[in-house]
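Input: a single structure, listed below in structure tokens.
Residue numbering restarts at 1 for every chain, and letters A, B, ... go by the order of the sequence lines.
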Amino acid sequence: MLLSVRSLLLCLLLSALLAGAASAEDGAINAADNAWVLMSAALVLIMIPGVGLFYGGMVRKKNAISTIIFSFAVMSIISLQWILYGYTLVFGKDIGGLIGGLDFLGLAGVGMGVKEGLTIPSLTFMIFQAMFAIITVSLITGSYVERIKFSSFLVFSLAWATLVYDPVAHWVWGGGWLQQMGALDFAGGIVVHITAGVSAMAVAMVIGVRKGFGTDPMEPHNIPTTVMGAALLWFGWFGFNAGSALAANGIAANAFVTTNTSAAAAATTWMLLSWRHRAPSALGIVTGAVAGLAAITPAAGYVTPLAAIPIGIVAAIAGYYAIILVRGSGRVDDSLDVLACHGIGSTWGVLATGIFATIGASGLLAGNAHQVLVQLLAIAVTWGYSFVVTFGLARIIDAVMGLRVRDDEESVGLDISQHGEGAYM
Amino acid sequence: MLLSVRSLLLCLLLSALLAGAASAEDGAINAADNAWVLMSAALVLIMIPGVGLFYGGMVRKKNAISTIIFSFAVMSIISLQWILYGYTLVFGKDIGGLIGGLDFLGLAGVGMGVKEGLTIPSLTFMIFQAMFAIITVSLITGSYVERIKFSSFLVFSLAWATLVYDPVAHWVWGGGWLQQMGALDFAGGIVVHITAGVSAMAVAMVIGVRKGFGTDPMEPHNIPTTVMGAALLWFGWFGFNAGSALAANGIAANAFVTTNTSAAAAATTWMLLSWRHRAPSALGIVTGAVAGLAAITPAAGYVTPLAAIPIGIVAAIAGYYAIILVRGSGRVDDSLDVLACHGIGSTWGVLATGIFATIGASGLLAGNAHQVLVQLLAIAVTWGYSFVVTFGLARIIDAVMGLRVRDDEESVGLDISQHGEGAYM
Amino acid sequence: MLLSVRSLLLCLLLSALLAGAASAEDGAINAADNAWVLMSAALVLIMIPGVGLFYGGMVRKKNAISTIIFSFAVMSIISLQWILYGYTLVFGKDIGGLIGGLDFLGLAGVGMGVKEGLTIPSLTFMIFQAMFAIITVSLITGSYVERIKFSSFLVFSLAWATLVYDPVAHWVWGGGWLQQMGALDFAGGIVVHITAGVSAMAVAMVIGVRKGFGTDPMEPHNIPTTVMGAALLWFGWFGFNAGSALAANGIAANAFVTTNTSAAAAATTWMLLSWRHRAPSALGIVTGAVAGLAAITPAAGYVTPLAAIPIGIVAAIAGYYAIILVRGSGRVDDSLDVLACHGIGSTWGVLATGIFATIGASGLLAGNAHQVLVQLLAIAVTWGYSFVVTFGLARIIDAVMGLRVRDDEESVGLDISQHGEGAYM
Amino acid sequence: MWGMMKKIEAIIRPEKLHLLREKLDMKGFSGMTVTEVKGRGRQKGITLQWRAGDYRVEFLQKMKLEMVVEDRDVECVIDLICEFAQTGEAGDGKIFVHPVEDVVRVRTKERGCGAV
Amino acid sequence: MWGMMKKIEAIIRPEKLHLLREKLDMKGFSGMTVTEVKGRGRQKGITLQWRAGDYRVEFLQKMKLEMVVEDRDVECVIDLICEFAQTGEAGDGKIFVHPVEDVVRVRTKERGCGAV
Amino acid sequence: MWGMMKKIEAIIRPEKLHLLREKLDMKGFSGMTVTEVKGRGRQKGITLQWRAGDYRVEFLQKMKLEMVVEDRDVECVIDLICEFAQTGEAGDGKIFVHPVEDVVRVRTKERGCGAV
Ligand SMILES: Nc1ncnc2c1ncn2[C@@H]1O[C@H](COP(=O)(O)OP(=O)(O)O)[C@@H](O)[C@H]1O
Ligand SMILES: Nc1ncnc2c1ncn2[C@@H]1O[C@H](COP(=O)(O)OP(=O)(O)O)[C@@H](O)[C@H]1O
Ligand SMILES: Nc1ncnc2c1ncn2[C@@H]1O[C@H](COP(=O)(O)OP(=O)(O)O)[C@@H](O)[C@H]1O
């Protein structure tokens with residue numbers, strides 16, 4: 001049995017290696033759509049180091065490299081995971097609504113020819129989707145910075161992509177049961193931001209709080225770097241959301257506009273909230289933008305530009321108070337507020353999609369109350385699944401190899417202890 | 001009366017909220033042009049935080065966050081201003097050549113269907129134009145850094161966009177009187193750079209010089225950050241200028257090339273000028289590039305690549321000596337030389353358009369001396385209007401709420417005093 | 001004679017200045033391809049300051065500006081060189097297989113009309129190619145940082161572009177003898193990375209080691225900046241490689257995927273190698289990515305995505321040990337390992353193209369052993385030519401004007417001594 | 001006033017600063033000045049990684065803590081530092097005690113013990 | 001040479017440095033060394049903003065100014081510092097006066113007063 | 001213990017640090033603490049370039065080297081510093097010698113000469 005799987009694999013690999021991509025059927029490819037989606041993929045890619053910089057500026061100096069390189073490392077390993085087997089688990093022929101088959105293992109049959117039902121090459125679709133898998137994994141890193149063992153981080157990331165991202169992405173986008181039920185998720189509110197946010201919380205609970213949490217100042221060491229990261233996120237998010245139209249059409253234009261609008265509304269709202277508290281915080285403005293972007297993601301192509309304003313405003317309010325609540329508890333250290341920004345923001349966004357959808361789908365305000373229920377179900381299931389699997393996974397890794405660095409390694413900082421490097425000299 | 005305007009507004013908003021964007025007439029949309037302009041819009045967006053970084057590296061460390069976040073805040077509030085009423089003031093049905101009507105209030109009627117006279121959706125055109133409004137406001141911030149009150153900055157920015165940008169943009173691009181007269185401004189020399197540069201000077205005059213100006217060293221605290229910002233500007237400017245062709249055609253290619261050429265020529269020239277003075281300054285090279293980019297903006301699609309060389313060279317020379325002149329006067333503190341780089345650079349560019357235009361329009365060298373006069377008129381009017389209105393506006397804000405922070409707040413730095421944050425720890 | 005050449009030049013310049021670009025024959029232009037290649041050109045442009053940041057973070061603080069501004073200066077002067085005469089030397093009518101004629105001097109005849117044999121305007125093709133010339137020159141800067149005289153750097157860069165880049169680019173892409181022989185180089189393995197890497201070594205040999213090399217610590221002063229640079233490189237490389245399809249087709253999609261895959265494989269491999277040695281180095285991860293990108297460049301459009309995995313892995317191994325070898329010798333100071341990363345990486349890539357090519361060309365595994373020989377010949381010739389000419393050129397410049405700054409200038413740092421500036425205050 | 005005040009200059013591990021500050025604060029020693037410094041001693045430099053292979057950095061991050069205290073408090077402060085900045089490994093740091101001749105509070109021009 | 005020179009070590013607000021330097025310069029005190037430090041004392045730390053809510057930083061930016069001067073100039077320098085670095089609010093800083101046993105100019109190996 | 005140890009505080013050019021450290025190390029002086037400082041003296045500030053034109057910075061980068069050594073080693077260390085940190089131009093720096101009253105090793109609480 002094992003042997004035959006192996007030889008099958010070998011066959012597939014070799015054939016893909018030599019000719020897989022050569023079976024082009026360029027006939028139906030629309031060059032404009034192809035250009036659009038490829039460029040969008042590039043835009044999403046730059047978000048990944050963008051996450052690294054965004055997070056990296058917010059940790060202490062001694063963990064700057066460690067935090068920034070997480071995203072780069074994720075970009076490296078998940079790129080490989082995806083082409084080897086991640087893509088097929090998500091987009092292979094549906095198996096019982098739960099997972100994709102191994103049809104596309106090692107990109108077998110994923111070539112330059114047009115992707116069925118679309119106007120772009122299969123490879124274009126595949127690589128655009130790859131970026132989503134990568135960035136989702138990189139978002140989680142914000143919760144366990146400054147204390148995770150690098151080796152455990154790698155194992156966790158690979159396993160999480162396989163056990164959480166791939167199934168959920170299949171359910172929602174790969175023909176799985178949530179898609180069959182009609183759950184709406186334009187660009188990854190459920191698939192990307194809820195999974196990442198909730199899992200971040202789970203792993204934070206397992207790994208424990210940072211040494212000195214609540215007593216030592218955990219000051220953001222370089223806010224300009226964080227702003228730079230946020231800028232790359234806003235920029236790349238156009239590829240993320242508008243690219244998800246998978247064609248350079250009016251829907252793409254609409255998604256582009258809603259994305260910008262929600263980010264702006266949320267940034268403005270967060271600024272005002274921090275001002276009420278004390279002063280308009282720069283960290284607050286960029287955090288608001290990210291929360292607004294996370295919230296509009298599931299809705300981007302389904303709602304009008306004006307609907308993006310309440311979506312952004314509520315995301316900021318929810319995110320702001322979620323941070324205060326979580327940090328206030330003092331018990332769990334989701335260090336860079338991944339749950340609050342992404343999980344909460346996008347939970348609202350997924351719900352809001354059920355409320356405001358008017359383009360290519362109908363939500364509550366368009367008279368379709370049922371959609372809200374479907375959205376709520378999708379939210380509940382994704383929260384539950386992400387939390388439980390991630391919690392278990394983190395516990396197992398902790399038991400087997402230890403999630404956390406030693407105390408003195410944490411004190412000295414992960415840059416020195418995990419990488420043998422120092423960020424600034 | 002008031003009531004009826006309100007209910008009208010409400011109606012418009014609601015209809016836009018629910019269906020506004022749904023009236024798609026995809027028929028005439030060219031996907032390639034749509035992809036091109038949307039990507040160009042994304043490129044212009046990244047220029048906005050680019051301005052923040054470019055400026056942020058040139059101020060003192062204690063004002064780093066404050067300076068960088070200006071652009072991010074502008075991106076947030078003007079995004080909203082634009083979709084709510086800015087766009088319609090510029091591109092609504094012309095009223096007496098002076099301003100646009102309220103047809104598109106709250107994006108009413110601005111949907112996924114093709115924009116009249118173009119091959120892209122109205123929403124695509126709208127959001128591309130949004131980026132121009134935003135960046136113009138963010139350029140001005142360079143003149144009053146290190147001393148403005150954050151609240152006054154917000155009020156000023158909103159009011160300025162409404163009272164200066166929107167009218168002038170209408171005159172030149174929205175069917176207003178300057179456009180009717182045939183003034184040429186390919187991508188915003190008049191609309192963006194002259195208005196920003198001249199207004200920067202006006203507000204600098206009202207707000208007064210920084211404490212210690214002329215005695216304390218006002219050293220640029222992080223030149224790599226400034227270079228990074230300049231890099232994003234050069235990059236994004238391709239979207240700015242070549243995107244302004246509004247189609248992926250030969251004009252776009254030409255504008256792309258002239259943009260690159262002028263930037264290169266001006267950067268080289270500025271380098272040589274600073275070398276003559278002492279040594280080739282890095283700050284000079286990037287400043288030269290920006291001056292060259294500002295200068296080619298009005299001309300980009302109208303002139304040949306070789307014509308971009310003299311345009312860039314003269315822009316650098318003019319900008320260089322303008323800085324020396326303005327700073328030498330010691331009386332006004334346009335802190336980051338917005339007038340010299342953008343105002344002067346682009347004034348020359350607008351004039352040069354009248355001289356060198358040969359593509360889709362004729363300038364002096366192509367035998368049309370009249371164009372030079374039109375350009376001069378446009379320059380004069382824009383200088384005058386921008387200066388007077390901005391000066392008045394700044395005075396009013398100063399009287400009502402105070403433009404400037406307190407003395408001790410300025411000493412301590414705006415990061416701490418206005419935002420309760422520190423850039424580097 | 002001289003006079004007539006001059007007047008010819010003048011004529012050409014004037015005509016180009018006034019009308020050159022106006023002879024548009026838009027008929028055959030494909031807007032999607034045009035958008036694709038122009039956007040790709042923008043992506044390659046952002047790589048150039050990306051190189052600056054990548055390198056700039058790895059030098060000592062006192063040379064940060066100097067190192068970063070090299071790339072910006074190259075971007076300025078080579079942009080001009082290229083439109084004035086570089087482009088025609090490469091793509092002008094072939095003269096004996098060795099160099100292009102002067103047909104396109106000063107962009108004469110390079111307009112908005114379609115480029116023969118392609119679907120994009122000549123100007124689009126020209127500016128896309130410009131970016132390659134620029135970045136190649138900027139890659140070399142890594143070898144002589146922290147000690148070169150700025151004036152000599154400028155002269156060297158201009159001369160090198162003319163004497164090495166332009167001929168080799170003509171041989172491989174401009175219809176020259178290597179192209180006629182069928183050498184495969186999809187996006188610049190030979191033209192860009194081998195020439196840059198080998199020349200870097202040659203100039204490092206002439207200029208000599210840095211003061212204190214082997215005794216003083218030469219610590220990378222800002223690793224986050226280097227990661228930021230690497231991120232821009234990975235991002236822009238999609239334009240570099242996928243843009244080289246010169247159309248938004250399936251080949252572009254394939255090149256996009258192979259590019260990402262090789263970068264990921266090499267980054268992962270390098271990480272593991274440094275881990276074996278001690279710990280997973282962040283600098284190692286980003287260096288691996290760059291080596292993987294350099295290696296896939298010649299192969300990107302010719303091989304399948306899975307073939308990119310071994311290409312990346314071997315590039316990382318070769319690069320890793322090449323660095324250890326070169327640095328271990330202690331005799332030559334290729335300061336930022338340009339030979340190891342680009343030269344060695346891409347030499348393997350060019351060879352690998354001859355082995356793995358299956359798309360639009362056949363390599364060894366597809367039964368065409370001959371291709372390997374052609375590739376080997378191209379490698380040998382390019383190594384030899386680049387080394388000899390660059391070595392000679394560097395020696396001449398050294399003799400005439402001195403390549404190196406004075407000892408005390410080197411001690412104080414190039415930022416102060418060459419530019420009169422300080423990076424951080 | 002000679003001899004009545006001392007400057008305690010302690011070089012410690014950076015990661016020990018926060019705990020130590022807290023403990024000092026508790027005992028009423030709240031005035032202090034800290035500087036980021038680099039040091040070497042028994043604990044030699046550190047080997048950091050280049051892209052491939054290593055390079056040596058001869059200095060390590062340390063934190064210098066300066067406190068001017070009255071004579072009678074010197075031993076107490078020394079004890080606190082030794083207690084809370086210790087790991088037992090080479091590199092824990094040193095304490096130097098220096099004479100102080102005078103102290104002035106800038107704000108009030110008060111002098112001597114009352115000024116700290 | 002003992003007792004003939006003193007080191008004046010002043011911790012001041014960073015924003016006061018430029019003015020003070022100018023005034024010292026005018027009086028002929030142009031030799032000095034400054035260091036960025038962080039301090040706390042009467043003026044406790046500061047509360048900075050996180051994305052939502054606050055965190056405390058226990059140390060504030062200060063500037064340490066060190067000048068070695070002859071005995072007879074000590075009072076004059078102290079007066080200048082107190083005059084030009086004062087705001088009247090807690091946190092203005094301290095001046096510490098230390099004995100110096102010897103001074104050497106690296107360039108010439110001159111010793112004592114002539115070396116500064 | 002008074003008088004048995006001294007603190008040598010040298011302000012030198014940053015680029016001289018590595019060579020000097022090596023030479024000191026060779027002679028067995030391996031304990032030291034360095035700080036990045038800015039200074040001015042005979043060598044006045046420096047003129048840096050703005051985008052067009054100049055601005056003055058009144059302070060130059062220097063490195064402060066602090067070593068606590070036994071009395072009998074003071075001259076030797078001073079000689080080494082003067083030898084290896086010299087260029088002959090203004091700005092080479094100064095050496096200040098301060099009394100040290102006590103030295104404690106944090107790790108072991110050893111005191112005096114044995115602690116350095
Ligand atoms: N002689 C000295 N003079 C000044 N500083 C010293 C001296 N010796 C050590 N230091 C400082 O103390 C720190 C710790 O000293 P080290 O000898 O490494 O550890 P330990 O005190 O545990 O033996 C050094 O990094 C250095 O900053
Ligand atoms: N005992 C001390 N030892 C060393 N430095 C001190 C001491 N007390 C205060 N400082 C320094 O002086 C600065 C100002 O002191 P503080 O007590 O806050 O203000 P004030 O002198 O106005 O009462 C502090 O930030 C700290 O750097
Ligand atoms: N009186 C002083 N007190 C403290 N530091 C000083 C004094 N004079 C000079 N320095 C420090 O020594 C450095 C070199 O001094 P300078 O007078 O410029 O050179 P030189 O010693 O060669 O005459 C200065 O930059 C400053 O840091």
Listed by number, the residues in residues 271-281 of chain B that come under 4.5 Å of chain C (heavy atom to heavy atom) are B:Met271, B:Trp275, B:Arg278, B:Ala279, B:Pro280, B:Ser281
Chain C shares the most heavy-atom pairs under 4.5 Å, among B:Ala282, B:Ala267, B:Ala266, with B:Ala282
Portion of B:Ile309 that has a non-hydrogen atom of chain C nearer than 4.5 angstrom: side chain
Heavy-atom closest pair (B:Asn260 atom, C:Ser79 atom, distance to 0.1 Å) is ND2-OG, 3.0 Å
Within residues 224-232 of chain B, the residues sitting under 4.5 Å from chain C by heavy atom, in sequence order, are B:Pro224, B:Val227, B:Met228, B:Ala230, B:Ala231, B:Leu232
How about residues 236-248 of chain B versus chain C: which residues have heavy atoms under 4.5 Å apart? B:Phe238, B:Ala248
Sub-4.5 Å heavy-atom contacts with chain C: which residues of residues 38-54 of chain B show up? B:Met39, B:Ser40, B:Leu43
Is B:Ala252 in contact with chain C via its backbone, its side chain, both, or neither, using a 4.5 Å heavy-atom distance? both
Any sub-3.5 Å donor-acceptor pair from B:Glu219's side-chain atoms to C:Met425's backbone N or O? no
At a 4.5 Å cut-off on heavy atoms, which part of B:Pro220 comes close to chain C: side chain, backbone, both, or neither? backbone
From the list B:Ala265, B:Ala31, B:Ala264, B:Gly284, the residue making the most non-hydrogen contacts under 4.5 Å with chain C is B:Ala264
Interchain contact, B:Asp33 with chain C, by part (heavy-atom threshold 4.5 Å): side chain
